[in-house]
Amino acid sequence: MPGLSRHNRWLQRLGDGMRRHATAIRVVQWLVVLFYGGLLVLPALLPLPDSQARILDNLTLLAQFLFWGIWWPFVLLSMLLFGRLWCGVLCPEGSLSEWASQYGKGLGVPRWVRWGGWPTLAFCLTTLYGQLISVYDYAQAALLILGGSTVVAVGVGLLFARGKRVWCRYLCPVSGVFSLLARLAPVHFQVDEQRWKDNAGPRLPPPNCAPLLDIRRLRGASDCHACGRCSGQRGAVQLIARSSNQEILHATEDNLSPWDARLLLFGVIGLAMGAFQWTVSPWFIALKQSLAQWLVGHEVFWPLQDNAPWWLLTHYPALNDSFSWLDGLSIVLYLTASALLLGGGLLILLRAAARLAGDPALYVPLSLTLTPLGAAGLFLGLSATTVKLLRYEGLLLEWVQPARAWLLLGAIVWSLLLGWKRMAFQGIPLPRRSAAGVCLLLANALVGYGWWLQFWGWN
Ligand code: SF4
């Protein structure tokens, strides 16, 4: 397109190249499927590693490190850098679901599948279940959760919409989180709607948009899987650089759902913080102790036994790691309380901010301004596993604590700036903006305090 800057011309060529080299992308997808399958299945077939085992001489530990230490934190980071490129180009579950759908029944997508709450519900349930069976620590637990999700993804592919990714669009437990994070990406496939309507060429075959998007009306990176299949269509679609703030600052009610705010406040921030910190929390121990005292006082002893199967509660007696029923109950209560109290506290503050700003409908857009902080929290929590595994290997990693502090501070400043700019963009007068800004400051401080407790306060 004429008038493009040099780096945007380069990006446009990159997007068009993705379309041209769809076959090569397909090959890469299958290689990722093989790698993912190997990483998931092989360690689950091997004996549990003993205490002397190390990452470099034990396949189970190596797989655990690659999976939870590298793969997941950097998939999250990739959302912030490239949008949902992971979903469209590399995700093994999406590839398998789309492949299966070519041979399936091709049924229409029922209304209940399109319910907007599935990604939030699925994220919350898998997070909770993952903690109960220690998904980060045991290969068979990872195989059960991730492999189970892959089997369901293939099943959904076999049922609905030929050649599409119904699973990824409506049901995947992380699609909601990815959709939130991709809003911050500095690149996206931009659609010029007028050019699309003009249809002045080039004449290219219609692209298969696997997540079933209306390409003509595409606004932003949150739903687009960045697969590049529509790049250059009608001369109206191109990969282009943008400000990382753009999508959140310009979000309107048409492209926002209350589920976005619920997932961010209660799931990505509230529940995830509980999941990452219950193992180091003195509040968790106090909760468990008071429940145990109550049970013993009432002569109810069976919840103190650790006889649940491993697929219900962590159960590895050989490693001295088994959860009692009381442990399971305490985890459920702690995570639920974390989601409700932290998420509820944030909801009250953001609703108050929207009211003080004079526009109660601003609550959802203002909630999304906490996305940088939510993303930083997920990255900090997941990379805590990376750090833990590397420290087992004898690495000191003294730079980690200052790096965490800077990341957290940077995310808070970014979130506050987004909130302030969003209100300015809405034309809210300065006195109202300042009053609402106090609520945003409190919301950011509340989340920051939670992370401070985990990494500094409770150490
Ligand atoms: S709009 Fe659809 S086809 Fe185009 S890049 Fe996004 S996911 Fe791919």
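Any value given below was found using the heavy atoms of this structure, including those in side chains, with hydrogens, waters and symmetry copies removed.
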Q: Please report the C-alpha distance between Leu271 and Phe266 in whole Å, then the side-chain angles of each, then the deciding distance to 0.1 Å, and finally whether the side-chain contact (heavy atoms from CB on, under 4.5 Å) criterion is met.
A: CA-CA 6 Å; Leu271 184 75; Phe266 290 91; over 6 Å; no
Q: Could I get the full list of side-chain hydrogen bond (donor to acceptor under 3.5 Å, both in side chains) partners for Glu398, not counting sequence neighbours?
A: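 side-chain hydrogen bond (donor to acceptor under 3.5 Å, both in side chains) check on Glu398 returns nothing, list empty.
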Q: Verify whether one side chain among Asn8 and Gln12 offers a donor that lies under 3.5 Å from an acceptor in the other.
A: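 No donor-acceptor contact under 3.5 Å links the two side chains.
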Q. Between Gln401 and Arg404, do the side chains contain an N or O donor and an N or O acceptor separated by less than 3.5 Å?
A.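 Note: Gln401 and Arg404 side chains meet the donor-acceptor criterion.
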[X] to [Y] - nearest heavy-atom pair and separation:
X: Ala139; Y: Thr60; value: CB-CG2, 4.3 Å
X: Val33; Y: Ser95; value: CG2-CB, 4.3 Å
X: Leu382; Y: Pro73; value: CB-CG, 4.1 Å
X: Thr314; Y: Ile133; value: OG1-C, 3.3 Å
X: Glu93; Y: Thr150; value: OE1-OG1, 3.0 Å
X: Ala424; Y: Arg433; value: CB-NH1, 3.6 Å

Do [X] and [Y] have side-chain heavy atoms sitting under 4.5 Å apart?
X: Gln233; Y: Arg19; value: yes
X: Ser179; Y: Asp223; value: yes
X: Ile240; Y: His188; value: yes
X: Trp399; Y: Leu397; value: yes
X: Arg195; Y: Arg234; value: no
X: Gln131; Y: Tyr136; value: yes
X: Phe455; Y: Phe276; value: no
X: Gln64; Y: Asp137; value: yes

Would you find a donor on one side and an acceptor on the other, under 3.5 Å apart, between the side chain of [X] and the backbone of [Y]?
X: Thr126; Y: Ala122; value: yes
X: Ser149; Y: Ile145; value: no
X: Arg355; Y: Ala436; value: no
X: Ser101; Y: Gly163; value: yes
X: Arg351; Y: Pro360; value: no
X: Arg165; Y: Ala210; value: no
X: Ser231; Y: Gly228; value: no

Q: Please state whether the rings of Phe379 and Phe74 are parallel, tilted or perpendicular, taking 30° and 60° as the class boundaries.
A: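 Plane angle over 60°, so perpendicular.
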Q: Anything under 30° is parallel, anything over 60° is perpendicular, the rest tilted; go ahead and classify Tyr334 against Phe284.
A: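 Geometry flag for Phe284 against Tyr334: perpendicular rings.
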Give, for atom [atom1] of [X] and atom [atom2] of [Y], the distance between the pair rounded to the nearest 0.5 Å.
X: Leu96; Y: Glu98; atom1: CG; atom2: CD; answer: 10.5 Å
X: Leu396; Y: Leu390; atom1: CG; atom2: CG; answer: 11.5 Å
X: Tyr449; Y: Leu442; atom1: OH; atom2: CG; answer: 14.5 Å
X: Lys388; Y: Thr279; atom1: NZ; atom2: OG1; answer: 7.5 Å
X: Trp452; Y: Leu408; atom1: CH2; atom2: CG; answer: 12.0 Å
X: Leu356; Y: Leu362; atom1: CG; atom2: CG; answer: 11.5 Å

Q. side-chain hydrogen bond (donor to acceptor under 3.5 Å, both in side chains): which pairs involve residues 406-429, sequence neighbours left out?
A.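 Listed by first then second residue: Asn245-Trp414, Arg422-Gln426.
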Q.
Here's a test for you: under side-chain contact (heavy atoms from CB on, under 4.5 Å), which of Ile412, Leu264, Ile248, Leu180 qualifies with Leu370?
A.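 So the option named by the test is Leu264.
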Side-chain atoms of residues 78-89: list all donor-acceptor pairs with protein atoms under 3.5 Å, sequence neighbours left out, distances to 0.1 Å.
{"residue": "Ser78", "atom": "OG", "partner": "Val75", "partner atom": "O", "Å": "2.7"}
{"residue": "Arg84", "atom": "NH1", "partner": "Ser222", "partner atom": "O", "Å": "2.8"}
{"residue": "Arg84", "atom": "NH2", "partner": "His225", "partner atom": "NE2", "Å": "3.4"}

**Q.** Heavy-atom neighbours of Leu430 CG exceed 12 at 6.0 Å
**A.**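 Counting neighbours around CG of Leu430, more than 12 heavy atoms of other residues, nucleotides or ligands fall under 6.0 Å, so yes.
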Q) Is the number of heavy atoms from other residues, nucleotides or ligands under 6.0 Å of Trp196 CH2 greater than 12? A)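 Buried by this count: over 12 neighbours within 6.0 Å.
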Q. Considering the options Glu193, His250, Glu247, which one meets the side chain to side chain donor-acceptor pair (under 3.5 Å) requirement together with Arg219?
A.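 It is Glu193, the one option of Glu193, His250, Glu247 that forms the side chain to side chain donor-acceptor pair (under 3.5 Å) with Arg219.
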Q: Please collect all ring pair (Phe, Tyr, Trp, His ring centres under 6.0 Å) contacts where either partner lies in residues 9-33, sequence neighbours excluded, each pair once.
A: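 Every ring pair (Phe, Tyr, Trp, His ring centres under 6.0 Å) pair that includes a residue of residues 9-33, provided the two are not neighbours, is Trp30-Trp99.
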(Q) For the aromatic rings, using the six-membered ring if either is Trp, is the centroid distance between Trp118 and Tyr170 under 6.0 Å? (A)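 No, the ring centres sit 6.0 Å or more apart.
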Could you list the donor-acceptor pairs under 3.5 angstrom formed by side chains in residues 336-347, with sequence neighbours left out?
{"residue": "Thr336", "atom": "OG1", "partner": "Val332", "partner atom": "O", "Å": "2.5"}
{"residue": "Ser338", "atom": "OG", "partner": "Gly270", "partner atom": "O", "Å": "2.6"}
{"residue": "Ser338", "atom": "OG", "partner": "Gly274", "partner atom": "N", "Å": "3.2"}

Q: May I have all residue pairs that pass salt bridge (charged side-chain N to carboxylate O under 4.0 Å, His left out) and include part of residues 255-269, sequence neighbours excluded?
A: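 Sorted pair list: Arg183-Asp260.
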